[in-house]
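What follows is a short report on a single structure.
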Amino acid sequence: MSGGGCSIVWFRRDLRVEDNPALAAGVRAGAVIAVFIWAPEEEGHYYPGRVSRWWLKQSLAHLDSSLKSLGTTLVTKRSTDSVSSLIEIVKSTGATQLFFNHLYDPISLVRDHRAKELLTDYGIAVRSFNADLLYEPWEVNDDQGRPFITFSDFWDKCLSMPYDPAAPMLPPKRITSGDVSRCPSDVLVFEDESEKGSNALLARAWSPGWSNADKALTTFINGPLIEYSVNRRKADSATTSFLSPHLHFGEVSVRKVFHLVRIKQVVWGNEGNTAGEESVNLFLKSIGLREYSRYLSFNHPYSHERPLLGHLKFFPWVVDEGYFKAWRQGRTGYPLVDAGMRELWATGWLHDRIRVVVSSFFVKVLQLPWRWGMKYFWDTLLDADLESDALGWQYISGTLPDGREFDRIDNPQQLEGYKFDPNGEYVRRWLPELARLPTEWVHHPWNTPESVLQAAGVELGSNYPLPIVEIDAAKARLQEALSEMWQQEAAWRAAIENGTDEGLGESMESAPIAFPRDIQMEIDPEPARNNNAPATMVRHHGDQRVPSMTSSFLRVEEEEPSVDLRNSAEDSRAEVPTNMNLGQEPRREESNQGGLQTVRNNNNLRQFDTFGLQNTDYSTAESSSSTRERDGGVVPVWSPAASSFSEQLVGEENSLGSGSSYLQRHPQSHQIINWRRLSQTGARSWEMENTVEPNAIG
DNA sequence: CTGTACTTCCT
DNA sequence: GGAAGTACA
């Protein structure tokens with residue numbers, strides 16, 4: 001096809017040969033050059049952590065061996081600029097086409113757009129595909145064609161779309177290899193000497209690689225899935241799917257997961273197995289959250305570093321590295337939290353429930369800035385995933401429209417972990433110093449009788465800490481912090497109205513809470529795990545300001561773009577994109593909603609009506625055309641204004657004019673994205689459609 | 001069977 | 001905090 005040149009299939013987080021649309025397209029087009037480019041510097045702060053790099057290394061080796069058995073090989077390149085490397089590969093191989101699968105994190109959106117532009121200019125036919133999601137983010141909209149702002153609405157829609165997700169494709173039977181004789185692979189280094197020892201242990205517990213992922217999926221669906229709803233609340237149960245690292249690297253297709261799970265659902269539905277059906281719904285929901293994380297990232301590319309809602313803009317986060325360190329080391333004095341943090345450090349894994357516990361503790365009790373916790377998760381989790389983790393932390397922090405109240409420490413008794421760890425086995429496993437405490441006391445040593453402690457060999461404050469913060473103190477401090485936040489907010493508004501402080505919004509925007517320097521390097525309680533970061537890692541933290549140790553209540557804002565609150569939204573709201581979906585060709589298969597729950601929840605927006613702002617001028621939001629004529633069709637174009645639906649929200653909610661207005665509760669919600677920084681990267685509009693033909697651009 | 005107090009979970 | 005479920009009069 002296309003003149004007979006070979007195609008580059010650019011692998012990224014789609015390390016599988018099965019149900020890989022980019023690979024399938026390459027195979028269909030003729031000879032294939034399979035490429036992986038390792039350019040971690042492109043990730044900025046989010047240089048992958050040790051365990052994540054370990055996984056990637058294994059997964060790539062696995063993919064390479066699969067490709068070899070199919071007739072080709074994986075070309076690997078070390079790079080600081082993926083797009084330049086692609087052009088080099090084009091030059092050295094004579095490839096005429098490039099295929100890849102979509103990613104939705106902000107860095108990839110920019111980079112992939114640039115890849116498309118530059119390579120198209122170079123005369124290369126570029127096509128990209130959906131391999132990571134059931135539906136592309138722009139396919140899932142409400143009745144007015146606007147993106148959803150709550151998960152439940154989003155997920156209800158996904159489960160009731162008029163067409164099913166694409167059916168998974170089989171792996172190619174054979175791949176014709178392109179000529180790579182003049183395109184040598186670089187040896188990719190994913191771990192340094194100091195990391196090898198720790199990494200060796202990982203191989204005992206995990207088997208990266210797409211066919212292992214497939215086995216894990218089958219095992220889960222035929223086994224633990226049916227018990228999922230019952231067992232999911234046990235901290236150390238082996239009944240989670242353990243698919244998340246596989247899914248992160250795209251070793252298994254989420255569409256295959258979805259299809260196989262729905263088959264089970266139909267079977268169990270016919271059998272009247274309600275427990276099984278409930279399990280399926282819950283498990284699919286966790287798949288849905290992963291979908292939603294991409295959806296949010298696509299619609300709000302800064303959701304990994306900025307709260308989606310602005311109402312915590314003035315919250316005085318506790319910038320205290322001592323707290324942060326205690327949390328990381330599992331020395332907070334709360335056994336369940338500490339057990340979780342030690343498990344995370346030791347294994348790179350944490351049960352979802354425990355993730356909620358430790359992150360909720362981090363935000364609500366310690367009141368540390370959530371981005372620190374998110375960064376630590378990024379550095380340590382085997383399944384570290386920017387979009388999913390951003391969603392999780394924003395949810396915990398109460399900065400999502402459908403999240404929880406911020407001003408409550410929910411279920412403080414869950415910190416006495418009898419719900420997730422009723423017999424204390426989990427705590428005893430990870431906190432040997434508490435192993436001899438009776439179950440009755442193992443979750444709350446702080447009020448355990450002295451005689452019991454002595455008998456168990458526990459000396460509080462010595463071999464196990466007293467609670468770093470008492471729950472009651474944390475509640476009180478939370479209230480103080482909130483009133484301080486409201487004062488700051490009021491002062492800020494007053495200053496703006498007086499015109500005396502125009503610069504504040506700007507300065508806040510440019511002063512996010514810096515990560516503490518080198519957080520990976522000082523964590524380790526055990527020298528054997530010392531994580532001597534390679535030079536590249538250090539560099540990413542080198543330019544960070546270190547938070548002051550002396551001012552634990554230093555007020556540091558989560559940044560927001562400057563918002564001029566004086567003008568009414570109706571006067572100046574941006575043009576509303578209307579036809580994002582026109583170019584889509586919905587698949588025509590008959591929709592099968594067999595038994596899937598489509599109960600519609602109420603939106604249940606939170607009552608955070610503290611600012612009382614109603615007139616908000618989102619003048620910083622740029623307007624941009626959301627569609628482009630192309631090949632006789634209109635295709636959706638990712639562009640800042642098109643994906644930022646703040647202006648639509650303003651329009652709709654203000655026109656409702658009711659006391660339950662969304663924006664009355666969340667006056668600055670969804671005004672979160674500083675598009676200037678995006679445009680600095682050179683992206684004005686990013687094609688995400690999958691049918692760009694050569695020379696169609698420009 | 002309906003009303004109501006109580007519990008659980010919430011992305 | 002509130003919806004949705006549960007137990008019981």
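Residue numbers start from 1 in every chain, and the chains themselves are labelled A, B, ... in the order their sequence lines are given, proteins ahead of strands. This structure is a prediction, so every number in the text was calculated from the model and none was measured.
Here the straight-line distance linking atom CG of A:D385 with atom NE2 of A:H304 works out to 12.5 Å at 0.5 Å rounding.
Side-chain nitrogen and oxygen atoms of A:K419 include at least one within less than 4.0 Å of the OP1 or OP2 phosphate oxygen of B:dC9. In terms of phosphate contacts, A:R353 brings no side-chain nitrogen or oxygen within less than 4.0 Å of OP1 or OP2 of B:dC9.
For the pair A:N281 CG and C:dG5 P, the interatomic distance rounds to 13 Å; values are reported in whole Å. Rounded to an integer number of Å, the gap from CD of A:E278 to C1' of B:dT8 is 12 Å. Separating the CH2 atom of A:W370 from the P atom of B:dT11 is a distance of 19 Å, rounded to the nearest angstrom. We find that CZ of A:F151 is positioned 7 Å from P of B:dT11, with the value rounded to whole Å. Here the P atom of nucleotide B:dC9 and the CG atom of A:L282 are 11 Å apart, to the nearest Å. As rounded to whole Å, 15 Å separates atom C1' of C:dG1 from atom CG of A:L482. To the nearest angstrom, P of B:dC10 lies 10 Å from CG of A:D352. Atoms CZ (A:F420) and C1' (B:dC10) sit 12 Å apart, rounded to a whole Å.
When all heavy atoms of A:I468 and A:F361 are compared, the pair lying nearest together is CG2-CZ, 4.1 Å.
Remark: A:T274 pairs with no residue by the side-chain hydrogen bond (donor to acceptor under 3.5 Å, both in side chains) rule, at least two apart or across chains. Listed by chain and number, the residues in a side-chain hydrogen bond (donor to acceptor under 3.5 Å, both in side chains) with A:W55 are A:E251 (sequence neighbours excluded).
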